[in-house]
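Reading through the structure tokens given below for one structure.
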Amino acid sequence: MLDRQEKQPMSTLGAWELPEELQQLRETVRRFMLHEVKPIEDRLPHDAVRCPPEELKILQTKAKALGLWLMRTPAEYGGAGLNLLGQAIVAEEASKCRMGAYIPALGAFGADPPNVIWLGTKYQIEKYGVASVKEGKRAFFAISEASGGADPGRAIRCQAVLKGDRYVLNGTKLWITGAKSADWGIVFARTGHGGRGGISSFIVDANTKGISMKEIQVIRAYSPYEVHFDNVEVPVENRLGDEGGGFRLAEKWLVEGRVPYAAGTLGVAQAALEMAIDWAKQRETFGSRLSEKQAIQWMLADSEMELRAARLLVYDAAWRGDLGKEMKLEASIAKVTATETAGRVVDRCIQIFGGLGVSKELPLERWYRELRIKRIGEGPSEVQRMVVARNLLNQRG
């Protein structure tokens with residue numbers, strides 16, 4: 001048997017590769033990042049969190065002309081309608097800029113409304129989803145609270161009480177990205193007793209009376225917000241899904257979102273690695289280039305191997321999701337592996353650059369700070385490991 005395998009022509013063994021249309025998509029995004037995004041970002045401050053409006057408008061017009069617009073939004077509503085694998089491809093390439101960890105491509109590809117809005121009523125889809133696409137309105141997604149974010153089924157304390165034809169919301173949400181600039185949001189609140197079955201989701205207009213926000217400064221440049229609800233009235237028709245069905249909607253958002261989230265961290269790390277490789281080839285110390293020193297070679301090699309492995313795990317999760325298969329386990333594996341791999345790679349790259357690596361001459365120190373948050377956001381590493389462990393134990397129990 002071994003002899004027959006060895007004699008088999010390599011051409012018949014085949015090789016895994018991205019579909020040609022996704023390879024073309026990747027090249028299109030790469031060119032856009034190089035020729036359109038980079039020249040603008042190079043002129044912006046180190047910790048900038050937005051592109052100047054007049055330049056962003058030009059970028060977005062060019063992106064739309066290439067079909068690079070609202071990747072997660074269904075095509076029937078004006079988005080690109082990419083599947084998860086396509087979203088992963090774009091997310092990785094769009095993150096290869098200084099702002100890329102949280103503002104990929106400087107926002108050139110638009111801000112998708114939360115994917116669960118497309119599961120709403122016709123009224124909700126038109127008023128919030130379609131309006132966001134056509135008018136550029138932005139949304140926030142509010143789950144986490146001071147009592148915890150990783151276990152929302154038990155941690156949510158925000159209350160929504162039905163009074164006549166409207167719900168009254170009271171409570172506070174924490175770590176809400178993009179809340180200050182949002183026009184509306186999806187808020188998860190407790191409408192019943194117990195755990196997950198007592199949570200409902202609501203579409204809330206950001207200018208509604210009783211909503212207040214406070215910036216929370218963190219180690220990244222892009223601050224999240226604390227959002228407080230004080231007797232905020234929400235019409236019954238703004239409840240998204242059934243009462244008590246909010247947790248299922250949250251899971252759809254979180255599980256599917258972990259694929260492009262993970263891919264984006266790999267893009268940052270890949271950009272850092274390419275910088276480190278170029279530096280190692282030219283930097284001379286102790287009589288030879290860094291690239292000739294085994295310690296540096298091994299750091300580069302480990303980084304490349306780990307990135308390739310993590311990328312394939314992201315692709316695997318995307319592939320399962322695109323086939324309509326259960327993907328919660330695979331999304332958790334991809335998320336924890338990609339975010340932790342990206343953190344290690346950027347850390348090595350900083351070490352290779354030495355003192356220059358932690359200076360604001362380079363994007364590495366910013367990426368280092370932002371990737372640290374990525375291991376917590378969208379479900380921390382420990383929760384993802386719980387998902388994997390439970391799956392293993394249940395399979396064998």
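Heavy atoms only: backbone and side chains are in, while hydrogens, waters and symmetry mates are out. Residue numbers run from 1 in the order of the sequence given.
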Give the minimum heavy-atom separation between Ile143 and Ile156, together with the two atoms involved. O-CG1, 4.1 Å
Checking the side chain of Arg43 only, and the main-chain atoms of Pro39 only, is there a donor and an acceptor separated by less than 3.5 Å? yes
Under a 3.5 Å distance rule, please check whether Glu226 uses its side chain to pair with a backbone N or O of Leu174 as donor and acceptor. no
Lys374 side-chain N/O to Glu340 backbone N/O, donor-acceptor pair under 3.5 Å: no
Measuring from atom CD1 of Ile277 to atom CE of Met299, what distance do you get when rounded to the nearest 0.5 angstrom? 12.5 Å
Verify whether the ring centers belonging to Phe109 and Trp69 lie closer than 6.0 Å. no
Heavy-atom closest pair (Cys51 atom, Leu106 atom, distance to 0.1 Å) is CB-O, 3.8 Å
Scanning both residues in full, the closest heavy-atom pair of Gly379 with Arg258 reads CA-NH2, 4.3 Å
Between Phe141 and Phe188, is the ring centre distance below 6.0 Å? yes
Option among Gln270, Arg30, Arg26, Arg311 that satisfies the side chain to side chain donor-acceptor pair (under 3.5 Å) test with Glu92: Arg311
Salt bridge Asp316-Arg320, side-chain N to carboxylate O under 4.0 Å: no
If you group Ile, Leu, Val, Met, Phe, Trp and Tyr by side-chain heavy-atom gaps below 4.5 Å, do Tyr77 and Leu119 land in one group? yes
Donor-acceptor under 3.5 Å (Asp112 side chain, Arg72 main chain): yes
Quick check against the 3.5 Å criterion: does Ser201 have a side-chain atom that pairs as donor or acceptor with the backbone of Leu240? yes
How far apart are the C-alpha atoms of Arg220 and Glu370, what are their side-chain angles, what is the distance that settles it, and do they pass the salt bridge (charged side-chain N to carboxylate O under 4.0 Å, His left out) test? CA-CA 5 Å; Arg220 76 183 188 200; Glu370 294 180 330; over 6 Å; no
Residues Glu251, Lys328: salt bridge by 4.0 Å N-O rule: yes
Ion pair check, Asp151 and Arg154, cut-off under 4.0 Å: yes
When you check the gap from the basic side-chain N to the acidic O, do Glu256 and Lys252 get nearer than 4.0 Å? yes
I'd like to know if the side chain of Ser95 reaches the main chain of Gly264, judged simply by a donor and an acceptor atom lying under 3.5 Å from each other, with no hydrogens or angles considered. yes
Taking all non-hydrogen atoms of both residues into account, name the closest pair between Val314 and Ala88 and its distance. CG1-CB, 4.1 Å
Heavy atoms of Gly357 and Ile350 approach each other most closely as O-CG1, 3.8 Å
Tyr102 and Tyr222 aromatic ring geometry - parallel, tilted or perpendicular at 30°/60° bounds: tilted
Can you confirm whether Arg138 is buried at CZ, in the sense that more than 12 heavy atoms of other residues, nucleotides or ligands lie under 6.0 Å from that atom? no
Heavy-atom pair of closest approach, residues Ala63 and Ala108: CB-O, 3.4 Å
Under a 3.5 Å distance rule, please check whether Asn83 uses its side chain to pair with a backbone N or O of Gly86 as donor and acceptor. yes
Do Glu330 and Lys335 pass the salt bridge (charged side-chain N to carboxylate O under 4.0 Å, His left out) test, and can you show the C-alpha distance, the side-chain angles, and the key distance before you say yes or no? CA-CA 9 Å; Glu330 287 74 18; Lys335 196 272 180 181; over 6 Å; no
Any carboxylate oxygen within less than 4.0 angstrom of a Lys/Arg side-chain nitrogen, looking at Glu41 and Lys38? no
